[in-house]
Amino acid sequence: MKKLLIIILTLAVSIAFTADIDAKKKKKKKGKYKVTEVTNGGSISGKALFAGGTPPADETKALTSEQSLCGDSLPAEKYLINGNKEIKNVVVYLDGIKEGKAVPKDKAFVDNVQCAFVPHVSVGYKGNEIDIKNSDPVFHNVHSYIKGKTTYNLGLPDPGSMVTKKMKRDGVMEVKCDSHPWMLGYVFISQHPYAVATGDDGSFTISDIPAGKYKVKAWHEGFGEIDLGKITVEAGKTAKVNAEFK
Amino acid sequence: MAEVSTTKGISKGVVKLTVLLGISFAIILLFKPFATEEAYRAFPVIGSRVWVWIIAQLHLNFAAFVLGVPIFAVAMEFIGWRKSDERLDKIAHDFAKLFTVGYTITAILGTVLLISLPILYPKFMEHMMKILGPTWWLYIVVMYTETIIVAYYYYSWNQMKTEGKGKHVFLGLLVNLAGAALLLITSSWVGYMTTPGGVSEAGELVSRWDAIMTYMWLPLSLHRLVANVVFGAAIGAAYAAYRFTTSTSPEDKAYYDWMGYTAAMICIAAYFILPGIGYLLGVEIYAFNEQMGIQLMGGFFAWLWVMQAILMGLILFFINYYLWISLNKMPGGERYFKYVKLLYIFTLLGWAIWMTPHSVAVSLEEARRIGTYHPILGNLGVMASKNTATIVAMLATFYSYAIFRIANQEPTVPWAKTGTMVKAAVMIASFVGILWIGWYSYIVPAEFRVKVLSTIQFGLFFGVMIATLVIDKYLYKDAHIIGEPEWGKMPDRSQYALIGVTVTFTWLMSLLGYMRAGGRQYWHVYGIVKDTSPDAFLPTHGFASVVASITTILFFFVVAAVFWGIIKTEKVPEGGTS
Amino acid sequence: MLNIYPIIAGVGIVISIISAMKKAPFFNYLGILMAMYGLLKCVEFVAPPLPGQVILMYMAMFVFTFLIYFSIKEDQFQAFLRPMKTVLADDDKKILRVLIVYIMIPVLAGYITYGKVKPQLAPPTSARIVHPEPPASITFRGEKISLLGAESPVRNDTANRDKHFEAGKRIYYQNCFYCHGDDLAGNGYIADAFNPRPLPFRGTDTIAQLPEGFVFYRIAKGWTTLPAGSTPWDSSMPAFDTFLTVEEVWQVTFFIYEATGNKPR
Amino acid sequence: MLNKNKLIITEGEITLKTLIVFAIMILVPFVSSAEMDRGKMLYDSWCAQCHGYEGDGKGYASGQYTLPQPRAFDSGTYKFRTTPSGERPTDEDIIRSTRKGNPGTTMPPWTRFTDDEVNEMVEYIKTFEEETFEYDAEPFQMGKAPAVSDALLTQGKEIFDKAKCWECHGKAGRGEGEKGWQDNFKNDWGTRAYPTDLTQAWEYRGGATVEDIFRTVTSGFDGTPMASFQSSYSDEERWSLSHFVTSLQTERKTGSALSVKKVDAVPASTDDAQWDAADYLDMPMSGQLMFEPRQFAPVITNVRMRSLYSDSEIGVMIEWTDKKPNKGDDGLPSDAVRLQFPVTVSDGPEKPYFFLGDKNHPVNLWFWKASDNTAVEQNAKGQKENDLVQQEKNDMLAAANYSDGHYRVLFRRPLDSGDENDITFTPGKFIPISVTAFDGAQNEQGLRATVSGWYYVMLEPPTPMKVFVMPPLVGLAFIGAGMGIRKKLKEGIG
């Protein structure tokens, strides 16, 4: 009886050790997105709107150099809200969707034009490439970050020079230029195709969604991220939801 | 020179001493040293410190001489008496002559010192008198006793040569006993100055016995005693060498060659014990005050230890050289030249490591390239390797001697081959063992290395020497003698080696004397009487070396004069008058 | 970069081997000295170069001992002297004599003399006391601490060993490491700015040789109580009694011993 | 059939066997994790003091104690790589930084560890942020550096201009470029980034050989504004650029003394050609660490000294890199430099304390400030505020120049000013000198300063007569001795 106890005890201890090590190695792994054939998918569409009183005006940024090329100041393009309180450059996406249509193969693109990043906000897909271009006759370095961590920092000295990199991680990628501190842009890198940016009129449509219930979120560089709640998508139908920022 | 009668000799000695003491007391009274409020008086031109330094060192050298030579002389006389060897008696007599003259010089120098100290350092001497005054009166009593015995011993030599030789030898023993007593008393003063005891923090006497019986007292006395033997024998060897090179007759050459050899061997035998006793002295200093130990061993004086190592190694090399050349005069000695190569390498390596400095003096540029410590020199420069190197070099020297002893013999005992093999095995094992301990010392804590491993190394060293000598004693019993040693068949350069030993040793004594005194730094009596004189700083090594050199030169100048005087008296035809 | 020292060593070895075979001790001697010099200089291939002073010492030793070695046997000694005697005395060696005795050696001697007397850019140096003698007691922010046989309260507090070690580590890396080094090897990133360089703690030759009380004293008082022989004017060792408490000094002392695996004397 | 005896198993045997089995079971996970444990143990012992026990770069020696800050491993961003920008470093990259250290930072070369130990530490370091290492990265091929040539350097210079390296590193390469001093010039960890002074090879974080520079230019320093130029330029172009950058490095001449040549008149302007021809001495600098406020992380790492003297005058010129000059009008203290001499020079080694002297050994200070561009004479006998006094009589003439990130400050004064509080210059004598520099951008003033140890200047005296007399005399003596010995030998033979 005593022997058994010892055996069990040693077993327990050894398992405990092994388990401990496994726990350490097993850091939370994100679920991988799975591509399936989507037929007769549903959509979500709506508008990004400012729900408060007076919408904030866009900021301007003073230039500390290159004035001869780009002028003394540039709009920050942070709050692009039209008279109808429709907001441009809001990214609406399905959070945590596990499977669905294939990711489009389009490359993402960021250009340096007149000391600003064009487009200011775009959506890219994880695993795709991104073309980074400098159309200005001055030196730009595209220094991008996800969650404050450098993803790459590329020197683009010559006008027209372009570098192609792969987008290996998802998240909101800030694009900056160390040479020109006012320059700021964003590439929203999604690991699934269900993420879109709003246009001038603030409207968006996410299509080809397999029927089901999804968490929808919206992100804006100035307002941050908001939760639009769980939306039920029915096959072949369009669910309506507006992203209302305050 | 007519034979001086014993009583006349004694009274001459007593009068001399009394006159000297009288002069010094008169001068001291005249100057009234203690009546001053000032703590110091300045000696003209060279300053008080250098003056007292030189005089004290010279006095010490001669004291060592007159204390060491009698030990040697009496030993010779005793052996000569038991073996009925006239030659030995003659050597002994020669030496008795040497130290009798030396005695006068010592007394004169002592007088100068006796006058200088209270006048130049009144406050300090006042303190010394307060604490150790009675020993001073004892010292005078012993000095008179010594003077009487020495005079009696020397002047009664021829008288007692035939009848009462035993009594005469006993007299010689008394000379040495009185000498040892003088040594103990003086050591107690120096010991008190460096490692004081028996006084309160304010400098008031608590226990006179404790003030005498300090940490340093016995080890220092012992160290000095053995060093005196080495020194006495070295002077004897130098004297013989000097006579050898100046003699022309083959008999004289043979005689002085043999004398030089005997003296050199006594010198080196005692020399082997010195590091051990020095070690003991170091341990006592550490026991008294670790910081003083650090200061002496690793601090400011570290470079002097390198100089000491160079000199010690030099002495070993001189002796080895002498022994190797001596093989030439041994019939059959050429058989051993092949081992000389090996012994040479061991001595050389030992010496090289011994002198390797730990913290090297480098230029800034070198320091940048080397870093703070050189990985090779740093490792060679620590105690673990130095102990090993010292012992290896000394052991090699011993084997030079062991080879020389038996160079002209061929063992006849039936186990001769086995015996030789055992000897070789002991030799190889000892070198390997000592080296292994040396390596092992690196990886153990300092405490263990100092207390255990060093002791084992030294033990092994002495054990091997004894074992070899014992084996030889039986192995070469009734050995076949290839030929008698051809005494006198030595090139002059071998004799310069002996003179080299003596000069080096004297210089070494001055240097170590400086270190011993320097350990007190800015104290007269360490921690109790502060030195506030203008000289209360440690002189640079260069300056100290210069003073040590000057002292050594002065010493040999006087010694040469003594030798010359003795030779001159000999040249007077027998029975003639002068 | 061409290094001539291996060549010197090699040529020296070749000369000494050939002359040993031809029984020419004088050239054997020269060959050995050459080889030894080359070899001592070659140390820099495996370790930092030996300081010039040490090489000088060793070379003096070799010059002396090998001279002794070649003069042990009379016939060898005579053979050793022969080339010198020949060059000096033989009448048919006139050209060689003029070349060596009257040109080469005097010119060399003159050149060496020139090197000695020409004005040199050697600033005054001083032998430095690395471990100066400490006083019997020190005043630590008004508190008197006896140093004779001082025992570390931190080392004796074995129950809190880890706590003290960690505290010592923090103190070390916020106060000491920029000089004494990340690895406690005396090569901190600003060690070059100072002369004398900061002391290393690794190895068996610094703190391993010292009592802990001494280390405490050096940290607590820094340059302020150094004797003249320790060149206090050059010391950048701060007096840490202005920055740390008594316990902190003991803790950092404990740390430098533990981290280097050394034990106090 | 089975031997029956074999089936009888004693109780003792069971105990033993089970123990062995379970001992193995316990040991297996231990063995597999032993490597990691040793890596952690070594990391905790020898890396965590700076990089933090959690790999967050917030160890004991971080913050005010170091500049730049220790790397935070939990960010997964690594500056020193052989992989394209944004990629993980190879293990060899981390090993290289460990083994060689990063010059100009507190990261030393770690040579004491075995290769296995370093590998295990690297494995452990990688666990602080595992996502980075989930991807494999293709290291770029370094290839072999082409031999340097004038054409290559010209090409390199063109690229240096074209790639706008100078916008940050400055036209002279001292890191003074305007763009490097904008507000956003920070690294991922939120601290200011300083463009490297390319003239000071000992400050190149990633190493200063042409290969090191090629690697840096190719990969960029992720987490800092230093961009990757891998796609913008070909290998050949980047090699030429790297060679050009090495050509900007100046030789650092350290030593203990500067020999001062005599000229007819000490030039009064800092850009006189005589100054460029004059020999110089480089002094590595340290923060002032002995007194509060201490300066742990100085940015002036080196000060260069040149000096000339005439019959009546001495000029000492101090040069150093200051990437951003401060004149005291921007809320920060003014840049300044101060020379220090003992008031009286002793014959022995004795000197005043190397920073502001001491009670018994006052120092003479020559103090130049950028704010008013004048130099004044001061005396100090300690580090307390009232130990420093201004001299009333000012014999000092100063000229200063700032261009391309480089200060040149020239002090001129009569050899003997006749003032007992001033140092007097005697040719042939070694005169102690030390330098204190103040960088306003680092808020240095008063005791917060960058300091050097004692050095010497020696005004070269005219060559003494004995130099011409002694050598021939010794030569003659040797000839005489040779003749004497020959005569003796001949007599002996004869």
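A, B, ... follow the sequence lines: proteins, then strands. Residue 1 opens every chain.
Shortest non-hydrogen contact noted between D:S231 and A:V163 is OG-CG1, 3.4 Å. The minimum heavy-atom distance linking D:T224 with A:H143 is given by the pair O-CE1, 3.2 Å.
Atom CD of D:E131 and atom NZ of A:K149 lie 5.5 Å apart (nearest 0.5 Å). Between atom NZ of residue D:K164 and atom NE2 of residue A:H140 there is a gap of 9.5 Å, rounded to the nearest 0.5 Å. Rounding to the nearest 0.5 Å places CD of D:E87 at 10.0 Å from OH of A:Y152. Rounded to the nearest 0.5 angstrom, D:F229 CZ and A:N141 CG are separated by 7.0 Å.
Remark: side-chain polar atoms of A:D158 are not paired, donor with acceptor, to backbone N or O of D:S232 under 3.5 angstrom.
Within a 6.0 Å radius of CD in D:E236, other residues, nucleotides and ligands contribute 12 heavy atoms or fewer. Residue A:K61 places its NZ atom among more than 12 non-hydrogen atoms of other residues, nucleotides or ligands, all under 6.0 Å distant. Atom CD of D:E54 sits in a sparse spot, with 12 or fewer heavy atoms from other residues, nucleotides or ligands closer than 6.0 Å.
Contacts between A:S179 and chain D at a heavy-atom distance below 4.5 Å involve backbone atoms as well as side-chain atoms. Of the two parts of D:D188, the backbone and the side chain both hold a non-hydrogen atom closer than 4.5 Å to a non-hydrogen atom of chain A. For D:S75, the parts lying near chain A are the backbone and the side chain together; criterion is any non-hydrogen pair under 4.5 Å. Neither the backbone nor the side chain of A:K166 has a heavy atom closer than 4.5 Å to any heavy atom of chain D.
Counting heavy-atom pairs closer than 4.5 Å to chain A, the top-ranked of the candidates D:E167, D:E178, D:Q230 is D:E167. Between chain D and the options A:L154, A:T164, A:L156, the largest number of non-hydrogen pairs under 4.5 Å is found for A:L154. For the set D:G223, D:G86, D:S85, D:P84, the count of heavy-atom pairs under 4.5 angstrom toward chain A peaks at D:S85. When D:F221, D:F185, D:Y233 are compared by the number of non-hydrogen pairs under 4.5 Å with chain A, D:Y233 comes out ahead.
Looking only at side-chain heavy atoms (C-beta outward), A:T64 and D:Q182 come within less than 4.5 Å of each other.
We find that D:E134 and A:K168 are not joined by a salt bridge, their nearest charged nitrogen and carboxylate oxygen being 4.0 Å or further apart.
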